[in-house]
There are 2 protein chains.
Amino acid sequence: MLAVSALSRHPQMMAGSEDAESPKRRAILNAATELFAARGYGAVSMDAIARAADVSKATLYAHFESKDRLFATIVHVACLENIMPADDLPEDGALDMASLGEVLRTIGGRILRFFLLDRSLAIHRLVIAESVRFPELGRAFYDNGPVAGRQRLAAWMASQPALDVPDPEVAAEQFLGLLRSGLYLRATLGLAPAPDAAAIEAVVAAAVGTFLRAYRA
Amino acid sequence: MLAVSALSRHPQMMAGSEDAESPKRRAILNAATELFAARGYGAVSMDAIARAADVSKATLYAHFESKDRLFATIVHVACLENIMPADDLPEDGALDMASLGEVLRTIGGRILRFFLLDRSLAIHRLVIAESVRFPELGRAFYDNGPVAGRQRLAAWMASQPALDVPDPEVAAEQFLGLLRSGLYLRATLGLAPAPDAAAIEAVVAAAVGTFLRAYRA
DNA sequence: GTCTATAGAAGGATAGAC
DNA sequence: GTCTATCCTTCTATAGAC
């Protein structure tokens, strides 16, 4: 469910074995990632992880010194990998109002669909649930996800003369808040019905409409 | 931390003893509520609850048939008790724009401060963390909290001629989304610094400003 | 209802052979 | 590194006396 390929780019996250390409290690990470994402920290046992990865518990402990470390490693890497899409914002060229609405709807749709991915929701749930016992995960999630995404969005908004944003950081935060209204909480709680494309588009359109009425120059 | 007084108003939530005034039962509920809120479901043992409530485990099991049931009872009651403030909205009298801004800042401040209470944050974390294994909790939380609050807010907005809200439910949802932008995620993750009164007022003022620019008639 | 004491299972973690 | 087998703790839940 959650990818782990960033491990090779973050060697400091590797304990026990330093060989990122160890197949057993990869199997453990894949199995543990899926189990933690699906059931949470407390409901997953090291036995279950070893079974799912088809290795012995001793092998598991040869690669990860404890359940805590295994969990922290997985969630930390997932936070570093799970980056909100904002790199498709057009380079500082000034846009007229119609194009601006178009761009905001496009980027807003991408962002909201990203928020609603099973992977994103699972990370969000894990971090919220365990941030009390693993404060560094809350920090990693927050700095790498919401803060980084907001900053890129804010910089772009500030560069658009068709927008009147006295405080770009606040405006970016509000745009994200508008996107999260409605569907997002329901999806986080796993409530039916699952959001479909039409519902997502409706939320995005409403968010962009409100945002532009408030912030057009 | 979380109150349990609604138990007496919800007798169907009581298993084992039907005497809501049993002091031991009350002690168990208080202790378990505090522990679950502080550490989450998995990190709290029935031993710890019995110790904190100063009763034996046998007594605990005489009142609650299992840990699952105890947890579900506590969180369910907490969801029913934790109601967003919206009853201080002025009765349908039409307001001018200045008064409207005043009322929105007042109610917005109350709502955001409510969201940021330790109690509200704890319930939110518990429900998100355990909604996979206890789907009925996600439903109870959602219907009694966000849905009910949004409906009351939407009805009030629809009654205000100084507002132009084509879809009151969407507008109410967006107002809540604007309030949640900024501080709320940080608080949910338990990140420092804890929100102070000035920060809360700033978020509320920004939310009301954006909302009114978008929705004033 | 309440206690002490304990059963029985599952948990995290390790020893020792290969 | 990897396995089998096991240790020790902790957990949920209950039996039986009062």
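Note that the coordinates shown come from a computational prediction; the quantities given were computed from them, not determined experimentally. Chain letters run A, B, ... following the sequence lines, proteins first and then strands; every chain starts at 1.
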Exercise for review: Flag the pair Arg133(A) and Glu130(A) as a salt bridge only when some basic side-chain nitrogen lies within less than 4.0 angstrom of an acidic carboxylate oxygen.
Suggested key: yes

Review point. Passes side-chain contact (heavy atoms from CB on, under 4.5 Å), Phe175(A) versus Met157(A)? Steps please.
Key: CA-CA 11 Å; Phe175(A) 184 61; Met157(A) 287 177 174; 3.8 Å; yes

Check your understanding: CD1 of Ile28(B) versus C1' of dT12(D): gap in Å, rounded?
Key -> 15 Å

Practice item. Measure the acute angle between the ring planes of Phe71(B) and Tyr41(B), then classify it against the limits of 30° and 60° as parallel, tilted or perpendicular. Key: perpendicular

**Study point:** Whole-Å distance separating the CG atom of Leu70(A) from the C1' atom of dG11(C)
**Key:** 15 Å

**Study point:** Contact letters for nucleotides 12-18 of chain C, in which S counts primed atoms plus P, OP1 and OP2 and B counts the base, heavy atoms under 4.0 Å
**Key:** BBBB---

Check your understanding: OP1 or OP2 of dT2(C) sitting under 4.0 Å from any side-chain N/O of Ser56(B)?
Key -> no

Point to revise | With His124(A), the ring-ring contact (aromatic ring centres under 6.0 Å, His included) member among Phe115(A), Tyr184(A), Phe114(A) | key: Tyr184(A)

Check your understanding: Please give, in whole Å, the distance from dG1(C) C1' to His63(B) NE2?
Key -> 7 Å

Review point. Any side-chain heavy atom of Lys57(A) sitting closer than 4.5 Å to one from Arg51(A)?
Key: no

Check your understanding: Please give, in whole Å, the distance from dT2(C) P to Arg26(B) CZ?
Key -> 14 Å

Practice item. Measure from CD1 on Ile49(B) to P on dT10(D) and round the result to the nearest Å. Key: 17 Å

Review point. Per the side chain to side chain contact (heavy atoms under 4.5 Å, CB included) rule, which among Ile107(B), Val203(B), Val103(B), Leu104(B) passes with Val208(B)?
Key: Leu104(B)

Study note, to complete from the structure: To the nearest angstrom, the CZ-C1' distance between Arg51(A) and dG11(C) comes to 12 Å

